[in-house]
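Accompanying notes for the structure given below.
Positions are given from 1, in the same order as the sequence printed here.
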Amino acid sequence: MMRNHTSLSIFILLGLTDDPPMQVLIFTFLVVSYLLSVTGNLTIIILTLIDSHLKTAMYFFLKHFSFLETLFTTVCIPRFLYSLSTGDKTISYNACVSQLFFIFLFGGTEFFLLAIMSYDRYVAICKPLHYATIMNSRVCVWLVICCWIAGWLVIFPPLCLGLNLEFCDSNVIDHFLCDASAMLKISCSDTWFIEQMVVTLAVLINIVTFLCVVMSYIYIINAILKFPSSQQKLKAFSTCSSHLIVVSITYGSCIFIYVKPSAKDEMAINKCVLVLTTSVAPMLNPFIYSLRNKQVKEAFTDLIKRISLISRK
């Protein structure tokens, strides 16, 4: 049974700034981006559930990705909005650990899911005749389950070690949420080993999943270049473009934040990038997939028409 050795039960999150006008601006921006994010991702989920044309493996994975994005931004943003609106910067130890746990769980699972989504595109383009057989519903469900299991297994070792950290000198976290680097910075325990473990696991997740994505797209590009007509090539590339944009945003931000040598580094840029990662990225993803996907746009149009007809009755 793991036991918490900390002598502190309350932490103080400094947030992003103490300037009142800037806090109002940040609050407004985050409220708008959070509402758009949740609305957009829930719309994607609803469309994939009710539209018969969105029942393929690609949309099954997209549904779960939108679900993860909704959970991820909800774990991070509402607590910060509460702090901005009330001025209450305190957070309990248990709440802080819980937030950190879910951030890593949802974030890690997203990376594995993005790798699976790239494999799905590989099968769809390189083995189209076998697509329905290979990516059947049973396989898709198990792949998503494996993503969740992998996300849990990756965060379990550092979580066990982190629960035994002592916080005896300071309870002030220089961040707007319970970030691992910021918490390691104020711990009075020796954090070298856990710090190296966090960096190693972050690099491992990024490299392994990124290699899966790269290998999938090498085969995809090679197959597309062999297509006889330009129209076929363009159509094939368009089915992958949304996924590639999301992959670029996700990997770029995570590498910038977590794959670094020490938790003692400056937090300012880290916080700004994490704000964008937890608010803007989840907001953009539904628009990226919907604006660049004809089937999603058609499904959305049909949904609006149905709602319109129901409201007139």
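- Atom-to-atom distance recorded for I194:CD1 and C160:SG is 9.5 Å, nearest 0.5 angstrom.
- Side-chain atoms of T73 come within 3.5 Å of backbone N or O of T278 as a donor-acceptor pair.
- Scored by the disulfide bond (SG atoms under 2.5 Å apart) test, C76 finds no partners at all (sequence neighbours excluded).
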Show me, pair by pair, the donor-acceptor contacts under 3.5 angstrom made by side chains of residues 103-126, not counting sequence neighbours?
residue	atom	partner	partner atom	Å
T109	OG1	L105	O	2.6
S118	OG	A115	O	2.5
D120	OD1	Y131	OH	2.6

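- Residues P286 and E69 are not in side-chain contact: their nearest non-hydrogen atoms beyond the backbone lie 4.5 Å or more apart.
- A heavy-atom distance below 4.5 Å is not found between the side chains of V97 and C178.
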Only pairs under 3.5 Å count here: list side-chain donor-acceptor contacts from residues 218-227, not counting sequence neighbours, and write none if there are none.
none

* To do: Begin from the C-alpha positions of I44 and K63 and carry the test side chain to side chain contact (heavy atoms under 4.5 Å, CB included) through to its verdict.
  => CA-CA 6 Å; I44 294 290; K63 173 177 63 181; 5.7 Å; no

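- At distances below 3.5 Å, at least one donor-acceptor pair connects side-chain atoms of S83 with backbone N or O atoms of D88.
- S92 places a side-chain heavy atom less than 4.5 Å from the side chain of I10.
- Q99 places no side-chain N or O within 3.5 Å of a backbone atom of L177 that could act as its donor or acceptor partner.
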* Check against side chain to side chain contact (heavy atoms under 4.5 Å, CB included), I173 and I12 -> CA-CA 6 Å; I173 299 175; I12 297 172; over 6 Å; no

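- Side chain of S187 to main chain of E166: a donor-acceptor pair is present (N/O by atom type, distance under 3.5 Å, no hydrogens or angles).
- Atom CD1 of I145 is separated from atom NE2 of H64 by 9.0 Å, given to the nearest 0.5 angstrom.
- In this structure, S66 OG and Y59 OH are separated by 12.0 Å, a value rounded to the nearest 0.5 Å.
- Within the structure, side-chain hydrogen bond (donor to acceptor under 3.5 Å, both in side chains) contacts touching residues 133-146 (residues at least two apart or in different chains) do not occur.
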Result block: side-chain N/O donor-acceptor pairs under 3.5 angstrom for residues 18-28, not counting sequence neighbours:
residue	atom	partner	partner atom	Å
D18	OD1	K89	NZ	2.9
Q23	NE2	T17	O	2.8
T28	OG1	V24	O	2.8

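- For the pair D179 and K271, the salt-bridge criterion is not met [side-chain N within less than 4.0 Å of a carboxylate O].
- For K233, the NZ atom is densely surrounded, since the number of other residues' heavy atoms within 6.0 Å is greater than 12.
- Between the CZ atom of F80 and the CG atom of L30 there is a distance of 6.0 Å, given to the nearest 0.5 Å.
- Sorted by first and then second residue, the disulfide (SG to SG under 2.5 Å) pairs with a member in residues 183-252 read C168-C188; sequence neighbours excluded.
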* Checking side chain to side chain contact (heavy atoms under 4.5 Å, CB included) for the pair F176/L274: CA distance, chi angles, key distance, verdict? -> CA-CA 9 Å; F176 69 93; L274 200 54; 4.2 Å; yes

* Verdict with supporting geometry, F167 and F11, ring pair (Phe, Tyr, Trp, His ring centres under 6.0 Å) -> CA-CA 10 Å; F167 300 91; F11 290 108; 5.2 Å; yes

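- Residues F67 and F72 form no side-chain contact, since every pair of their non-hydrogen atoms from C-beta on lies 4.5 Å or further apart.
- No option in T43, T48, I50, L49 other than I50 meets the side-chain contact (heavy atoms from CB on, under 4.5 Å) test with I46.
- Taking CG from L159 and CG from L100, the interatomic distance works out to 8.0 Å, rounded to the nearest 0.5 Å.
- Residues L68 and N41 form no side-chain contact, since every pair of their non-hydrogen atoms from C-beta on lies 4.5 Å or further apart.
- Atoms CG and CZ, on L161 and F193 in that order, are 6.0 Å from each other to the nearest 0.5 Å.
- Between I288 and I249, some side-chain heavy-atom pair lies under the 4.5 Å cut-off.
- A donor-acceptor pair shorter than 3.5 Å can be found between the side chains of Y217 and H243.
- Judged by distance alone, with hydrogens and angles left aside, the side-chain atoms of D51 form no donor-acceptor pair with the main-chain N or O of L47 at under 3.5 Å.
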